[in-house]
Amino acid sequence: MAAIVQDAVEKRFTSSRNKMGYVKDLAESSDLTSIPSKYTYFNTFNEEDGIEVVAEEEKIPIIDFSLLNSAIPDQRAKVIQELGKACQDWGFFMLINHDVPESLMERMFVACQDFFNQTEEVKLECAEEDVLAPIRYGTSFNPSVDKVFFWRDFLRVWVHPQFYSPPKPSGFSEIAMEYSQRTRQIVRELLKGISESLGLEKCYIDKEMEMESCFQVLVGNLYPACPQPELAMGLPPHSDSGLLTLLIQNQNGGLQVNHNGKWVNVHASPNTILVIERLSNGKYKSVLHRAIVNNKTARISLVVAHGPCPDKVVTPVPELIENEIYPALYPGMTYKEELHSRLSNRLAGKSHLDPVQFTDESA
Ligand SMILES: O=C(O)CCC(=O)C(=O)O
Ligand SMILES: [Fe+2]
């Protein structure tokens, strides 16, 4: 009997493209006690990703943003050194004393929640199959190729150099614009510190990557409460594309970063995920991270990804290619090519840079 009910649930949520099975609807259906088989991530081919390999004791680096513009040279030098170390050892750090008002982050969470709370008809106006659509409401990662579906619905919007926004809910557009402006400023400041930590001119990355017209994408991820969190996955291990991603989450936990082969729970918010591997020729890490789900409450993460302008060819910084010491690890490709390749393939648990490395071939 239970199996018949479950079958009916699966059919209902997989019948057509537009009803491709958004997780929010599925999770809110009262007859759901177990997840449809297409969401079973663990116990299939991903056992090695096991949730048990979590290291709680690891200390995630914390960077004090306010010190990056300190008038005291020693303080500035120290924070730049810490930034470099965080990038090298973790590829990830938590940012404190940044100047994005907490009230703005709160409003952004509410606007995102309001988007997902709209009727399916309204949201489907933003449903797009094209992975590079400027406004895209979707589910999983890329349902046309995902072998296992992820327990996640998302809204992905281009916010710079051209600003797009879903027409509804009202107010979304203003909040998203303000939030993306503030986060862009933070990223440009961070990139200056990172430039210096690499031994380059302060504005080297900012200029080379033409950050004035940087490509910025805002993503709201919704992970509804899941009846079998031990089987499902929110987003599998991956590294982000671009230069830097800022991420905040509306509750403690859910995000995990990989450090020395172990999954580390990230409790604090807001956080910064650093993505700079190609640019620094592998000196800095593009951290693997994933989102797990829980059975108590829906979680939202707000991600702002920053890359150079879409036609910019991103190559390793020439100053960091010292032939035998640091041979070039990656071929150059435009940011658009990189994005397209990343978004149209499956997320298969490896760094998205792997397929284009000269020496390595994987997922
Ligand atoms: O929800 C999270 O914590 C992770 C989201 C993420 O990694 C992404 O959207 O790329
Ligand atoms: Fe990510």
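We're numbering straight along the sequence, starting at 1. Remember, predicted model here, so these are calculated numbers, not experimental data. Counting starts at 1 for both ligands and their atoms, following the listed order.
Shortest contact from atom 9 (O) of ligand 1 to any protein heavy atom: N221 ND2, 3.1 Å. Nearest protein neighbour of atom 6 (C) of ligand 1, counting heavy atoms only, is L235 CD1, 3.6 Å.
In terms of the salt bridge (Lys or Arg N to Asp or Glu O under 4.0 Å) criterion, K168 has no residue partners (sequence neighbours excluded). For E28, the salt bridge (Lys or Arg N to Asp or Glu O under 4.0 Å) partners are K24, not counting sequence neighbours.
Taking the six-membered ring for Trp and thresholds of 30 and 60 degrees, Y137 and Y22 have nearly parallel ring planes, at less than 30 degrees apart. Ring pair F149/Y39 is perpendicular by interplanar angle, where above 60° counts as perpendicular and below 30° as parallel.
Proximity to R299 (heavy-atom distance under 4.0 Å) selects the following atoms of ligand 1: 1 (O), 2 (C), 3 (O). Atoms of ligand 1 lying under 4.0 Å from any heavy atom of L247, numbered from 1 in the order shown and given with element: 2 (C), 3 (O), 4 (C), 5 (C). Near A291, the atoms of ligand 1 lying under 4.0 angstrom from a non-hydrogen atom of the residue are 1 (O), 2 (C). Of all atoms in ligand 1, listed by their number and element, those nearer than 4.0 Å to a heavy atom of D240 are 10 (O).
Donor-acceptor pairing under 3.5 Å is lacking for the side chains of D311 and T334.
When side chains are defined from C-beta on, L302 counts as touching F109, because their heavy atoms get closer than 4.5 Å.
For Y223, a nitrogen or oxygen atom sits less than 3.5 Å from a nitrogen or oxygen atom of ligand 1, counting backbone and side chain alike.
Protein atoms of type N, O or S found under 2.8 Å from the Fe ion (ligand 2) total 3.
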Please output the side-chain donor-acceptor pairs of residues 187-194 that fall under 3.5 Å, not counting sequence neighbours, one pair per line with the distance.
residue: R188; atom: NE; partner: D206; partner atom: OD1; Å: 2.9
residue: R188; atom: NH1; partner: E212; partner atom: OE1; Å: 3.2
residue: R188; atom: NH2; partner: D206; partner atom: OD2; Å: 3.0
residue: R188; atom: NH2; partner: E212; partner atom: OE1; Å: 3.3
residue: E189; atom: OE1; partner: N69; partner atom: ND2; Å: 3.4

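Considering each of R152, H289, Q256, Q249, the one bringing a non-hydrogen atom nearest atom 7 (O) of ligand 1 is H289.
Nearest heavy-atom pair across Y223 and W151 is CD2-O, 3.3 Å.
Separating the CE atom in M209 from the OH atom in Y204 is a distance of 7.5 Å, to the nearest 0.5 Å. With values rounded to the nearest 0.5 angstrom, I135 atom CD1 is found 11.5 Å from L218 atom CG.
Taking 4.0 Å as the cut-off, V219 does not count as a neighbour of ligand 1 on heavy-atom distance. Residue-ligand proximity: H238 is placed with a non-hydrogen atom under 4.0 Å from ligand 1.
Ionic pairing of R107 and E178 is present here: one or more N-O contacts between side-chain nitrogen and carboxylate oxygen are shorter than 4.0 angstrom.
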